[in-house]
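A short worksheet on the structure shown next.
Values in this document were obtained by computation on a predicted structure and should not be read as measured data. Basis for what follows: all heavy atoms, side chains included, without hydrogens, waters or symmetry-related copies.
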Amino acid sequence: MGHTLKLDIYYFELKEIISTRETLVRGGEKRKYHRTKDEIANFYDVLSKMYVGEKRDKFLELFLKDFISSFNNAFVSNQNNTQAISITDNLYKSISSKKNIISGEFIGGQTGIDVDIYKTNNAIAKKDTLDRDSVASLSYYYKIWIPYDSNTGIVMVQSYTKSACTTLFKEKLESWFEEKNYQLSLYKFIPKQYIEKYKRNGYIYKIQIFTKRRNADMLEPNYSPFAKAKSRVLIDNLRIYFNELFSFGEDFASKITSDIKQIYGGNNEIYDEPILYYKDENGRKAHSKLSKIESMLPTIVLDDNLKDTKTQKPLFVELDKFTNGILERIKEEIGYTPIENETI
């Protein structure tokens, strides 16, 4: 089976930046705050401002060329210098002006640390060392849909189960739009077909309740090391299927809280934080705070026929076709209908 490919999908919006201010936060870090226009920008307006005087069928070609050139044939690192990514002109790329889609390959991985390389059958003889200025790179896939007649687009980013540069790719896209005077907002999106499968087969198998801080009504401990001690309670042997849980509508969180109180008795909504542990349809485990139960969304796992069996890397042409199919279903789901107007 080897390495498993995953896909993250986001919908995105842009707002034009009016002004920017910088403030110092803890540790001396500078953080930018933007004031934007209230309305969400239409993509045709955005691109026509970026590429004044150009024909609309050239917008995406210029967009992709501009985005790739912003890497300057080098790697861009995250703030902690633990990851780096790049896109160069020689990597796979595809443009469909009629469908308002650009897609391609980016490379990236771990950096900022010396990595020793060995053969799997010899742990004594070191083959090579990647120094901290090097990048242990993998290939990744991305797709961006920018419909000219809308203000909502789609970004897809492929990753591996044990390796991902998705966050850094999003940060780079955000900073690129920021340079163009637009604030990018990305929101996680899961198509219905994956949610329905997930709801049928995923379930919560245990709950742990952590006391965040001491209740003022509690007695003070006699022994000082216990003064800041935290407790936890385990509720095990559960099988709460998501389809049953979500059948309660928006009230599902309070339903769990009520049942916790019935079993645990001492649950305090102010001082206690229930953590839900769950499995998806493939048995993969994860956990989430009850207060963030909406984050328990499914992972889109890609079929093995979308990767090279030898290198384990994505097959980009096949991924293009597959994600085009997902995109068409997303358009139906969100009710998108293109406006047949050559002026837009």
Verdict with supporting geometry, K307 and E318, salt bridge (charged side-chain N to carboxylate O under 4.0 Å, His left out): CA-CA 9 Å; K307 68 177 182 180; E318 285 79 355; over 6 Å; no
Worked check of side-chain hydrogen bond (donor to acceptor under 3.5 Å, both in side chains) between N90 and T88: CA-CA 6 Å; N90 63 314; T88 54; 2.5 Å; yes
Y10 vs F189, ring pair (Phe, Tyr, Trp, His ring centres under 6.0 Å): CA-CA, chis, key distance, verdict: CA-CA 5 Å; Y10 305 87; F189 183 88; 10.0 Å; no
Audit row: D8, K170, salt bridge (charged side-chain N to carboxylate O under 4.0 Å, His left out) steps and yes/no: CA-CA 11 Å; D8 287 298; K170 291 190 297 176; over 6 Å; no
Trace of the side chain to side chain contact (heavy atoms under 4.5 Å, CB included) decision for L5 with T161: CA-CA 6 Å; L5 306 187; T161 48; over 6 Å; no
Intermediate values then yes/no, salt bridge (charged side-chain N to carboxylate O under 4.0 Å, His left out), D308 and K313: CA-CA 5 Å; D308 186 298; K313 293 182 179 181; over 6 Å; no
CA sep, side-chain torsions, deciding dist, call: Y205, D236, side-chain hydrogen bond (donor to acceptor under 3.5 Å, both in side chains): CA-CA 7 Å; Y205 65 93; D236 209 347; over 6 Å; no
Test side-chain hydrogen bond (donor to acceptor under 3.5 Å, both in side chains) applied to Y277 and S288, step by step: CA-CA 7 Å; Y277 293 79; S288 171; over 6 Å; no
E16/K37 under salt bridge (charged side-chain N to carboxylate O under 4.0 Å, His left out): CA gap, chis, key distance, verdict: CA-CA 6 Å; E16 191 170 356; K37 291 184 176 179; 3.2 Å; yes
Step-by-step side-chain hydrogen bond (donor to acceptor under 3.5 Å, both in side chains) determination, Q183 to T36: CA-CA 8 Å; Q183 181 173 280; T36 67; 4.9 Å; no
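Placement of L47 and I17 in two distinct hydrophobic clusters is found when ILVMFWY residues are connected by side-chain heavy-atom separations under 4.5 Å, directly or transitively. There is no path of hydrophobic side-chain contacts, each under 4.5 Å, that joins Y33 to I18. Residues I40 and Y11 do not share a hydrophobic cluster, clusters being chains of Ile/Leu/Val/Met/Phe/Trp/Tyr side chains in contact below 4.5 Å. Cluster annotation: I68 and V157 are assigned to the same hydrophobic cluster (Ile/Leu/Val/Met/Phe/Trp/Tyr, side-chain heavy-atom contacts under 4.5 Å, transitive).
Other residues sharing a hydrophobic cluster with I117 under the 4.5 Å side-chain heavy-atom criterion for ILVMFWY residues are I113, V115, L130.
In terms of heavy-atom proximity, Y160 sits nearest to P314 at OH-CD, 3.2 Å. Pairing each heavy atom of K206 with each of L234, the nearest pair is CD-CD1, 3.8 Å. Pairing each heavy atom of S139 with each of F316, the nearest pair is CB-CZ, 4.0 Å. The shortest heavy-atom contact between P191 and I300 is CD-CD1, 4.0 Å. Of all non-hydrogen atoms in A41 and N151, the two that sit nearest each other are O-CB, 3.1 Å. Summarising the geometry of S77 relative to T111, their closest heavy-atom pair is OG-CG2, 4.4 Å, with the distance given to 0.1 Å.
When ring centroids are compared, Y336 and W145 come within the 6.0 Å threshold. Aromatic rings of F71 and F67 (six-membered ring for Trp) have centroids within the 6.0 Å cut-off, being under it. F63 has its ring centre no less than 6.0 Å from the ring centre of Y51. Between F106 and F169, a ring centre-to-centre spacing shorter than 6.0 Å is recorded.
Not one N or O on the side chain of Y182 forms a donor-acceptor pair closer than 3.5 Å with the backbone of E13. Using modelled atom types, no side-chain atom of N80 and backbone atom of T82 make a donor-acceptor pair closer than 3.5 Å. In this structure, the side chain of K93 engages the main chain of D89 through a donor-acceptor pair within 3.5 Å. Distance alone, capped at 3.5 Å, places no donor-acceptor pair between the D303 side chain and the N305 backbone. Under the 3.5 Å distance criterion, the side-chain polar atoms of N78 are matched with a main-chain donor or acceptor of Q83.
Here CG of N181 is found 14.5 Å from NZ of K15. Values are rounded to the nearest 0.5 Å. One finds the CD1 atom of I330 at 4.5 Å from the CD1 atom of I9 (value rounded to the nearest 0.5 Å). In this structure, the separation between NZ on K99 and OG on S94 is 9.5 Å, given to the nearest 0.5 Å. Between atom OG of residue S97 and atom CD of residue E61 there is a gap of 7.0 Å, rounded to the nearest 0.5 Å. The distance from atom CZ of F177 to atom CE of M50, rounded to the nearest 0.5 Å, is 5.0 Å. With rounding to the nearest 0.5 Å, the separation of OG in S134 from CD in Q110 is 11.5 Å.
Remark: D38 CG is loosely packed, at most 12 non-hydrogen atoms of other residues, nucleotides or ligands lying under 6.0 Å away. Within 6.0 Å of CD in E22 there are more than 12 heavy atoms belonging to other residues, nucleotides or ligands.
If you check the side chains of K127 and N122, you find no donor sitting under 3.5 Å from an acceptor. For the residue pair S159 and Y141, no side-chain donor N or O sits within less than 3.5 Å of a side-chain acceptor on the partner. For the residue pair D128/Y118, the side-chain donor-acceptor check at 3.5 Å is not satisfied. Remark: the H287 side chain and the Q208 side chain contain no N/O donor-acceptor pair separated by less than 3.5 Å. Side chains of D320 and S103: a donor-acceptor N/O pair is present below 3.5 angstrom, by distance only.
Note: Y241 and Y203 have tilted aromatic rings, judged against thresholds of 30 and 60 degrees for the angle between ring planes.
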